[in-house]
Protein chains: 2
Amino acid sequence: MTEPLDPAMFDGCSDIDLPIRFRNKWMGKILLCLEDGRRRYSELQIPLKGITPKVLAESLRALERDGMITRIAYPGMPPRVEYELTELGRSLREPREVWCKWVDAHVHELLRARMEAEGDLRDLNAS
Amino acid sequence: MTEPLDPAMFDGCSDIDLPIRFRNKWMGKILLCLEDGRRRYSELQIPLKGITPKVLAESLRALERDGMITRIAYPGMPPRVEYELTELGRSLREPREVWCKWVDAHVHELLRARMEAEGDLRDLNAS
DNA sequence: CAGTATCCCAGAGGATACTG
DNA sequence: CAGTATCCTCTGGGATACTG
């Protein structure tokens, strides 16, 4: 039989808890957008449909603080700023791709499960 | 040079957007707790230090709706309920481990980056 | 034991307008 | 162009008490 769970199971185990910053809605997309080269602020806004300037700026600052990206500002008018992945930021590619592969492979099961759950709810409401 | 970013970059690309449910604070830990066997509700509360019954119940319902776990209720008094990973739930192990390995390998760089950022802030405040 | 039922709050994220 | 500044909403998650 399975052993009892250790109360200290996660002590010193930052592995699971740390990625709070990656629970950010846009992080994954921003990182992906930067994966094939430097991008300007305004360039990022295009594929990131719906992101507001405030949220994009905040997300970029957070990624910068975490050492995931570098901000490169060119002096002059009009301003020109580019963002680029650091080595650390680039190293995220592998885990992200593994995750994406999982989703590709299982998204249908997941959606089906959710739809069945919805169906059950409808049944309940109907009764 | 890098090509312009496609405005429709994420169209039909659920890969990045879908895991909203996994942005849940406790999902990773719950899944991990279930990884080596069935667990009772009360057993889960122990390593998940600090989780409230409401949040644990909500998380379990969500995981169930997504087809990640199964709820097994034994009739009788006092009640006894066990949770178990489904095949789908078990398949999450690999991506989770890849992610954990990334954190293990890079947590120091991340923490150092954050501390440096803090330092910069202090410098600013001091000036 | 395995949960609900209530109430509450911080903070993530959005809308809009403005600026060096 | 590359952001700030404000204001606002919403909901994930916590605290506490109660129950079949």
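Keep in mind that the numbers below use all heavy atoms, side chains included, and drop hydrogens, waters and symmetry copies. The structure displayed is predicted, hence computed values, not measured ones. So you know, we letter chains A, B, ... as the sequences are listed, proteins then strands, and number each from 1.
Note: B:Thr70 OG1 to B:Leu85 CG = 8.5 Å, rounded to the nearest 0.5 Å. Between the SG atom in B:Cys100 and the CG atom in B:Leu32 there is a gap of 7.5 Å [rounded to 0.5 Å]. B:Ile46 CD1 to B:Arg39 CZ: the interatomic distance, rounded to the nearest 0.5 Å, is 9.5 Å. Rounded to the nearest 0.5 Å, atoms CG (B:Leu31) and CD1 (B:Ile69) are 8.0 Å apart.
Rounded to an integer number of Å, the gap from CG of A:Leu56 to P of D:dA2 is 11 Å. Distance CG (A:Leu60) to C1' (D:dC1): 14 Å, rounded to an integer number of Å. The nearest whole Å value for the distance from the CZ atom in B:Arg80 to the P atom in C:dG3 is 12 Å. One atom, CE of B:Met27, and another, P of D:dG12, lie 10 Å apart when rounded to the nearest Å. What separates CD of A:Glu82 from C1' of D:dG3 is a distance of 16 Å, to the nearest Å. For the pair A:Ile30 CD1 and C:dA12 C1', the interatomic distance rounds to 14 Å; values are reported in whole Å. Atom CD of A:Gln45 is separated from atom P of D:dT4 by 12 Å (rounded to the nearest Å). The CG atom of B:Leu44 sits 13 Å away from the C1' atom of C:dC1 (whole-angstrom rounding).
For DNA chain D, the stems formed by at least three consecutive Watson-Crick or G-U pairs, with both atom-pair distances below 3.5 Å, span C:1-20 with D:1-20.
Contact annotation: B:Arg39 side-chain N/O to C:dC1 OP1/OP2 distance is not under 4.0 Å. An OP1 or OP2 oxygen of D:dT4 is reached within less than 4.0 angstrom by a side-chain nitrogen or oxygen of A:Arg61. Proximity of A:Arg71 to the phosphate of D:dA2: no side-chain N or O atom is located under 4.0 Å from OP1 or OP2. Close to C:dA2, at under 4.0 Å from its OP1 or OP2, lies a side-chain N or O of B:Arg40.
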- prompt: Taking protein heavy atoms under 4.0 Å as touching, what does nucleotides 13-20 of chain C look like 5' to 3' if B marks base contact, S marks sugar-phosphate-only contact and - marks none?
  reply: BBB----B

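Side chain of A:Tyr41, nearest nucleotide from D:dG3, C:dT4, C:dA2: D:dG3.
As judged by a 4.0 angstrom heavy-atom cut-off over every strand, B:Tyr83 is placed among residues touching the sugar-phosphate backbone only.
For B:Glu84, the CD atom is densely surrounded, since the number of other residues' heavy atoms within 6.0 Å is greater than 12.
The pair B:Arg90-B:Glu87 meets the salt-bridge criterion, with a side-chain N (NZ, NE, NH1 or NH2) lying under 4.0 Å from an Asp/Glu carboxylate O.
Using the six-membered ring where Trp is involved, A:Trp99 and A:Trp102 have ring planes that are parallel, under 30° apart on the 30 and 60° scheme.
A cation-pi arrangement is found for A:Arg80 relative to A:Tyr74, the charged atom lying closer than 6.0 Å to the ring centre and inside a 45° cone about the ring normal.
In this view, B:Arg93 and B:Glu35, B:Glu97 satisfy the salt bridge (charged side-chain N to carboxylate O under 4.0 Å, His left out) rule, not counting sequence neighbours.
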